[in-house]
Amino acid sequence: MTALPQERRLVTAIPGPKSQELQARRNAAVAAGVASTMPVFAARAGGGILEDVDGNRLIDFGSGIAVTTVGASAEAVVRRASAQLADFTHTCFMVTPYEGYVAVAEHLAELTPGDHAKKSALFNSGAEAVENAVKIARVYTKRQAVVVFDHGYHGRTNLTMALTSKNMPYKNGFGPFAPEVYRVPVAYPYRWPTGPENCGPEAAAQAIDEITKQVGPENVAAIVIEPLLGEGGFIEPGKGFLPALREFATQHGIVFVADEIQSGFCRTGQWFACEDEGVVPDLITTAKGIAGGLPLAAVTGRAEMMDAAHAGGLGGTYGGNPVACAGALGAIETMKELDLPAKARRIGEIMHGRLTAMAEKFDLIGDVRGRGAMMALELVKDRETKEPAPERTAAVAKACHAAGLVVLTTGTYGNVLRFLPPLVIGEDLLSEGLDIIEEAFASA
Ligand code: PLZ
């Protein structure tokens, strides 16, 4: 296997003829409900580059939605997963277990916040991990209510649709949704009525008041929150918000669940985003970055909570598949060897500097935010009214795509450009990607 050259290269228009051919086949064979950001078909990917079937090489600022943190063909992931493939693909951990699953659980206990005794259960997708965190919290507390937040995203299965705040495209027409889910305000500094300074404590007081008055803390099994909200628009809750909710959960015997599926595994410059304010969750859900692109997810948490479910109460045919576990061991090895939390902080520094400078030049940019390699721009029609600018956000993204840069949009109002490069991207590619973004703003 030859290494993929780490250079942007455009040899056709985007999409090229081969991608267009595949797109026609796709339109005939693949359900319309499954959409794609770009109509460009992948051939190879690695480092900071994604090569398409026409030979174009795109700079990757998406990582397949925050998954390929170590790159899409990291040496240790490929080596370990390939060896595992040759040994055996599957036995089912619930039939005859294997070491890789145990080793991943051991790493999760070591890497996640808190020095209490921890255990893990492995699953296939982020949504499945969140569903299982709720099952565990309910069986442990013998309570039913689950509290979630404005702008929160937790998945597309029935329960996780209920936990997710945004109707289009995630929920519209797909109800009825699971009961006993309660949504309260989140500390969104850019849009907090009294300003970003007061946002954390005020939003926490409001959320706690609503939980107390509308649900009753004694009925709440779990508070589920993304420490840095992903699909909602890369919202960093105002300082003090997460610690206040953590404290409230402790006072009332509520299980505090950090959904670190998007923000975890080095992405924000720490192993987990909740470390930023020293918040130690009871349960933590992980997926995406955990296994270098192979499908794996986990719930990790306090041993007494994780052990609350009866034997046979948790599981699934493929959960903790041996090839995915081998991939995770390769990804974790890479993160440690290359010190990827430090790499994410370095990426964050470079991006923050460049994006802040762009915000001084272009009025369209209302807010620059994020941490590490999880950065975003919120685009507004008017800086006073902060009216969201989703059409112009789509236009800037489209201009980036045409120039050979993969970028994603996000946010409740569809007006956020988000940047999630692989942490192994070279600094030259990183700044070239930022040049493309700047040019896209200039032309928008
Ligand atoms: N929790 C915080 O970010 C997945 C969704 C993409 P799955 N985010 C990307 C889409 O449009 O489907 C996510 C997340 C957080 C849960 C999930 C769900 O993870 O692996 O997609 O099920």
Side-chain angles (χ1 to χ4, degrees), residues 30-38 61-69 122-134 146 148-172 174 178 181 183 186 222-237 242 256-265 267-268 272-274 281 283-300 316 318-321 324 327-328 331 370-371 373-374 376 397 406-412 414 416 418-420:
V30 178
V34 185
S36 301
T37 304
M38 293 176 71
F61 274 16
S63 298
I65 323 189
V67 171
T68 52
T69 302
L122 304 184
F123 304 97
N124 304 294
S125 68
E128 213 188 332
V130 175
E131 291 241 359
N132 277 280
V134 171
V146 181
V148 289
F149 295 84
D150 286 338
H151 309 289
Y153 180 91
H154 302 287
R156 294 177 179 272
T157 57
N158 187 262
L159 174 59
T160 58
M161 273 194 293
L163 302 179
T164 290
S165 72
K166 190 176 174 179
N167 178 49
M168 271 305 265
Y170 306 121
K171 304 166 76 164
N172 195 47
F174 300 143
V181 173
R183 188 173 311 286
V186 76
I223 292 175
V224 183
I225 188 161
E226 301 157 81
L228 201 159
L229 287 79
E231 306 302 311
F234 282 27
I235 302 165
E236 254 191 294
L242 293 171
F256 186 92
V257 183
D259 179 348
E260 293 251 17
I261 287 163
Q262 189 154 168
S263 58
F265 278 102
R267 179 55 53 192
T268 63
F272 296 95
C274 58
L283 301 181
I284 179 164
T285 56
T286 53
K288 292 191 184 280
I290 189 176
L294 287 148
L296 188 72
V299 183
T300 301
Y318 293 116
N321 168 272
R371 290 204 301 271
M374 188 168 180
V406 181
V407 291
L408 308 174
T409 60
T410 187
T412 298
V416 176
R418 62 169 149 177
F419 311 118
L420 293 160

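Atoms within each ligand, like the ligands themselves, are counted from 1 in listed order.
Residue Ser125 approaches ligand 1 through these ligand atoms, each under 4.0 Å from one of its heavy atoms: 20 (O), 22 (O). Atoms of ligand 1 lying under 4.0 Å from any heavy atom of Ala127, numbered from 1 in the order shown and given with element: 7 (P), 18 (C), 19 (O), 22 (O). Set against the non-hydrogen atoms of Gln262, the atoms of ligand 1 under 4.0 Å away are 3 (O), 8 (N). Atom numbering of ligand 1 starts at 1 in the shown order; those under 4.0 Å from a heavy atom of Ile65 are 6 (C), 9 (C). Per-residue contacts place Glu226 under 4.0 angstrom from the following atoms of ligand 1 (heavy atoms of the residue considered): 2 (C). Ligand-side atoms of ligand 1 in range of Arg156: 10 (C), 11 (O), 12 (O), range being under 4.0 angstrom from any heavy atom.
In terms of polar-atom proximity, defined here as any N/O pair under 3.5 Å, Lys288 does make such a contact with ligand 1.
A heavy-atom separation below 4.0 Å is not found between Glu260 and ligand 1.
One finds the CG atom of Asn321 at 14.5 Å from the CZ atom of Phe123 (value rounded to the nearest 0.5 Å). Separation of atoms OG1 (Thr285) and CD (Gln262) is listed at 11.5 Å; rounding is to 0.5 Å. Between the OG1 atom in Thr164 and the CZ atom in Arg183 there is a gap of 7.0 Å [rounded to 0.5 Å]. Within the model, atoms NE2 of His154 and CG of Leu159 stand 10.0 Å from one another, a figure rounded to the nearest 0.5 Å.
Within a 4.0 Å radius of atom 20 (O) of ligand 1, the protein has at least one heavy atom.
Using a 4.0 Å cut-off between charged nitrogen and carboxylate oxygen, Glu231 and Arg418 count as a salt-bridge pair.
Using a 4.5 Å heavy-atom cutoff, the side chains of Glu131 and Thr160 are in contact. For the pair Ser63 and Arg267, the minimum side-chain heavy-atom distance is below 4.5 Å. Residues Phe149 and Ile223 have side chains in contact (heavy-atom distance under 4.5 Å, counting atoms from C-beta outward).
With sequence neighbours excluded, no residue forms a salt bridge (charged side-chain N to carboxylate O under 4.0 Å, His left out) with Glu226.
At a heavy-atom distance under 4.0 Å, only side-chain atoms of Glu231, from C-beta outward, approach ligand 1.
Scanning Gly126, Ala66, Pro227 for the heavy atom closest to atom 7 (P) of ligand 1 points to Gly126.
The protein heavy-atom contact nearest to atom 13 (C) of ligand 1 is Tyr153 CE2, 3.5 Å. Protein heavy atom in closest approach to atom 1 (N) of ligand 1: Asp259 OD2, 2.7 Å.
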